[in-house]
Participant: 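Structure below; questions to follow.
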Amino acid sequence: MLDPKLLREQPDLVKRAALDKRVGSPEKVDQWVAVDLVRRNAQARADVLRAEQGKIGGEVGKLKGKLKGQLKDQLEGQLKSEASAELDGLLIRATDLKHQYEQAVHEQSEAETTAKELMLQLPAVPDPTWPIGKDDSENVEYEKWHDPSRPPRSGVASHVELVEKLGLVDFHRGVKLAGSRSYVMRGQGALLYNAVLKFALDMIVSRGYEPYVVPVLVSEACMIGTGYFPGGRDQAYITQDGSALVGTSEVPLASFFGDEILDESQFPIRMCAVSTCFRREAGAAGKDSAGLYRVHQFDKVEQVILHKADDVEHIALHEEITDNSRAILQALKLPYRVLKVCTGDMGQGKWRMYDIESWMPSRNSYGETHSGSALRDFQSRRLNMRYRKAGEKQAIFAYTLNNTAIACPRVLISILEQYQLEDGRIEVPEVLRAYMGGLETIG
RNA sequence: GGAGCUGUGGCAGAGCGGUUUAAUGCAUCGGUCUUGAAAACCGACGUGCCAGCAAUGGCACCGUGAGUUCGAAUCUCACCGGCUCCGCCA
């Protein structure tokens with residue numbers, strides 16, 4: 001959701017964003033501006049009518065009180081008093097006002113509904129220093145890293161071969177149980193899976209992030225509030241009760257303080273959670289269908305930060321939240337690169353966005369394992385999440401950020417393939433051994 | 001799953017069709033008094049939208065939505081949350 005003032009005063013900025021991001025359209029900006037004007041005019045009319053109606057209502061009340069007094073003195077059905085005639089006149093005027101008021105209110109609420117619908121589709125304006133581009137092919141590589149002892153490998157076995165040989169993943173039975181893009185982690189595979197998650201969680205918690213266990217089945221309001229609905233409706237599993245399975249715990253974490261006014265002294269609020277995530281992957285039919293890359297259900301450690309509305313701090317915290325992920329990959333000695341995600345690929349609400357891609361030998365390239373966004377007040381406006389500075393009256397919309405800490409099973413592709421030994425066994429990364437009972441090799 | 005109760009401002013709590021611009025108390029903030037503090041007294045004290053350069057003014061909001069009425073916190077209906085008891089089950 002955008003600042004309505006921005007839309008009224010600088011609609012061209014948002015139109016530009018619509019084109020750069022390929023979200024919404026310039027026409028929708030114009031439509032919003034038009035319908036917003038209709039709404040304001042209708043409200044101005046309705047307010048005046050309502051005030052008039054209230055006045056007449058008050059007079060009706062007084063007269064009725066008077067008439068009651070008179071009736072006590074007179075027998076029923078007796079002569080009509082002056083007051084009674086006046087009352088009839090008032091009631092006729094009041095009825096007329098009522099109809100006019102209803103019409104104005106109707107017009108106002110119609111316009112408001114349309115304005116809201118449009119607003120939910122409009123893009124936030126991206127940081128002008130961020131790359132402009134049409135899709136992921138124009139993302140800009142901005143940093144590359146690998147541990148000297150573990151450079152990117154190639155020409156080695158793929159994780160699909162490895163896990164089948166070692167019995168770490170059962171794809172066939174996964175599909176039997178749950179359909180395409182399903183899998184079952186098993187034995188040491190399951191241990192590795194949990195070890196990776198726990199390691200990442202501990203790392204994030206040690207850096208001052210408060211851990212949460214959150215619902216993964218949330219209300220539609222949370223999905224709209226975080227910006228996933230209505231645009232991404234077809235990517236989510238929705239229940240017969242209208243609730244939705246989240247694609248990331250960013251949704252419940254960012255929504256946690258929704259509809260609240262926080263105190264600035266609580267900021268920045270650093271949160272994290274490990275949760276199961278569900279994605280329909282609609283439109284990705286046939287893409288990455290083999291292996292652990294693109295699945296409907298996975299687990300992820302996610303980080304979320306809420307803080308004051310300040311661009312300098314926003315940038316600093318975006319770096320911080322990205323550094324946390326770098327640190328995890330570095331500890332795992334996985335080669336990675338960081339991309340500045342261009343406007344066409346960043347999505348509706350983002351101001352800045354980094355993707356981190358880890359090296360996956362079987363793809364002979366990097367594969368996206370992390371995604372970190374700076375959203376300024378896009379989500380907090382939708383969530384109605386504000387804060388107040390000490391001693392000040394004005395409540396301000398907070399800024400939000402989020403980033404992946406680690407996601408399983410996708411990152412296992414990099415680990416398994418990078419750490420495979422000549423004989424097909426897998427060396428366990430040192431930092432994970434403590435989480436696997438000291439196990440040094442798998443297989 | 002069955003039965004009953006309940007939802008009012010930061011909290012407590014009145015109001016149950018028209019002098020409600022929602023009483024009162026607590027909490028909070030400012031002031032008077034005081035060497036200082038406490039007490040006492042005085043005052044302020046919600047959110048959103050609209051008009052206006054502004055001062056300011058108007059409207060809406062009593063869980064949510066619809067309805068009845070000239071007029072709804074108050075009446076009707078639906079939904080949502082909370083509490084209690086019973087049943088079932090981790």
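Letters A, B, ... are given to chains in the order of the sequence lines, protein chains preceding strands, and every chain is numbered from 1.
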Participant: Between C11(B) and A27(B), how far apart are the C1' atoms? Round to whole Å, please.
Facilitator: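 Comparing C1' positions in A27(B) and C11(B) gives a spacing of 7 Å.
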
Participant: If you assign Tyr101(A) and Asn41(A) each to the RNA chain B nucleotide with the nearest heavy atom, which residue ends up on the more 5' nucleotide?
Facilitator: Asn41(A)

Participant: Can you identify which nucleotide, out of A60(B), G58(B), U69(B), has its nearest atom closest to the Arg50(A) side chain?
Facilitator: A60(B)

Participant: Base, sugar-phosphate, or nothing: which does Ile56(A) touch, judged by heavy atoms less than 4.0 Å apart?
Facilitator: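 Nothing, no heavy atom under 4.0 Å.
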
Participant: To the nearest angstrom, how far is Leu97(A) atom CG from C59(B) atom P?
Facilitator: 13 Å

Participant: Ring-plane angle category for Tyr399(A) and His314(A), please: parallel below 30°, perpendicular beyond 60°, tilted otherwise.
Facilitator: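 If you compare the ring of Tyr399(A) with that of His314(A), the planes turn out perpendicular.
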
Participant: Take atom P in U6(B) and the same atom in G15(B), then report the distance between them in whole Å.
Facilitator: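 U6(B) and G15(B) have their P atoms separated by 14 Å.
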
Participant: Measure the distance from CG on Leu49(A) to P on C50(B) and round it to the nearest whole Å.
Facilitator: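 After rounding, the gap between these two atoms is 18 Å.
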
Participant: Determine, using ring centers only, whether Tyr212(A) and Phe256(A) are less than 6.0 Å apart.
Facilitator: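 Here the rings of Tyr212(A) and Phe256(A) have centres that are less than 6.0 Å from each other.
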
Participant: Can you tell me if Arg93(A) touches the phosphate of C70(B), counting only side-chain N or O atoms and a distance under 4.0 Å to OP1 or OP2?
Facilitator: no

Participant: Taking U64(B) as the reference, what is the distance to A60(B) when you measure between their C1' atoms (whole Å, please)?
Facilitator: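 Pairwise C1' distance, A60(B) against U64(B), rounds to 16 Å.
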
Participant: Take atom CG of Asp96(A) and atom P of G71(B), then tell me their distance rounded to the nearest Å.
Facilitator: 12 Å

Participant: So which one's nearest nucleotide on RNA chain B is more toward 5', Arg8(A) or Val48(A)?
Facilitator: Arg8(A)

Participant: Return yes if a side-chain donor-acceptor contact under 3.5 Å exists between Thr400(A) and Gln379(A), otherwise no.
Facilitator: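 The answer is yes; a qualifying pair exists.
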
Participant: Considering only the C1' atoms, how many Å lie between C61(B) and U74(B), rounded to the nearest integer?
Facilitator: 16 Å

Participant: Please identify each residue that fulfils salt bridge (charged side-chain N to carboxylate O under 4.0 Å, His left out) with Arg16(A), with sequence neighbours left out.
Facilitator: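 Residues passing salt bridge (charged side-chain N to carboxylate O under 4.0 Å, His left out) with Arg16(A): Asp20(A).
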
Participant: From the options C59(B), C49(B), G71(B), select the nucleotide whose nearest atom is closest to the side chain of Asp47(A).
Facilitator: C59(B)

Participant: G48(B) C1' sits how many Å from Ile396(A) CD1, rounded?
Facilitator: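 Ile396(A) atom CD1 is separated from G48(B) atom C1' by 17 Å.
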
Participant: Please report the distance separating the P of G25(B) from the corresponding atom of C42(B), rounded so that it comes out in whole Å.
Facilitator: 10 Å

Participant: Should we say atom CZ of Arg186(A) is surrounded by more than 12 heavy atoms from elsewhere, each under 6.0 Å from it?
Facilitator: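 Open.
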
Participant: Out of C50(B), A72(B), G48(B), which nucleotide sits closest to the side chain of Arg386(A)?
Facilitator: G48(B)

Participant: Report the distance from atom CD of Gln43(A) to atom P of A51(B), rounded to the nearest whole Å.
Facilitator: 8 Å

Participant: From C-beta outward on Ala51(A), which listed nucleotide comes closest to its side chain: C50(B), U69(B), C59(B)?
Facilitator: C59(B)

Participant: In whole Å, measure the gap between the P atoms of A23(B) and A38(B) for me.
Facilitator: 28 Å

Participant: When you compare A37(B) with C29(B), how far apart are their P atoms, in angstrom units rounded to a whole number?
Facilitator: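 Looking at atom P only, A37(B) and C29(B) are 14 Å apart.
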
Participant: May I ask you to decide whether Glu52(A) forms a salt bridge with Arg93(A), counting only side-chain N to carboxylate O separations under 4.0 Å?
Facilitator: yes

Participant: Check whether any side-chain nitrogen or oxygen of Arg40(A) sits under 4.0 Å from OP1 or OP2 of A51(B), and answer yes or no.
Facilitator: yes

Participant: Report yes if a side-chain nitrogen or oxygen of Arg388(A) is closer than 4.0 Å to either non-bridging phosphate oxygen (OP1 or OP2) of U47(B); otherwise report no.
Facilitator: yes

Participant: Separation of Ile261(A) atom CD1 from G48(B) atom C1', in whole Å?
Facilitator: 11 Å

Participant: Using the C1' atoms only, state how far A44(B) lies from U35(B), rounded to an integer number of Å.
Facilitator: 28 Å

Participant: Give the rounded distance in Å between these two atoms: NZ of Lys55(A) and C1' of G58(B).
Facilitator: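 So the two atoms are 10 Å apart, to the nearest Å.
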
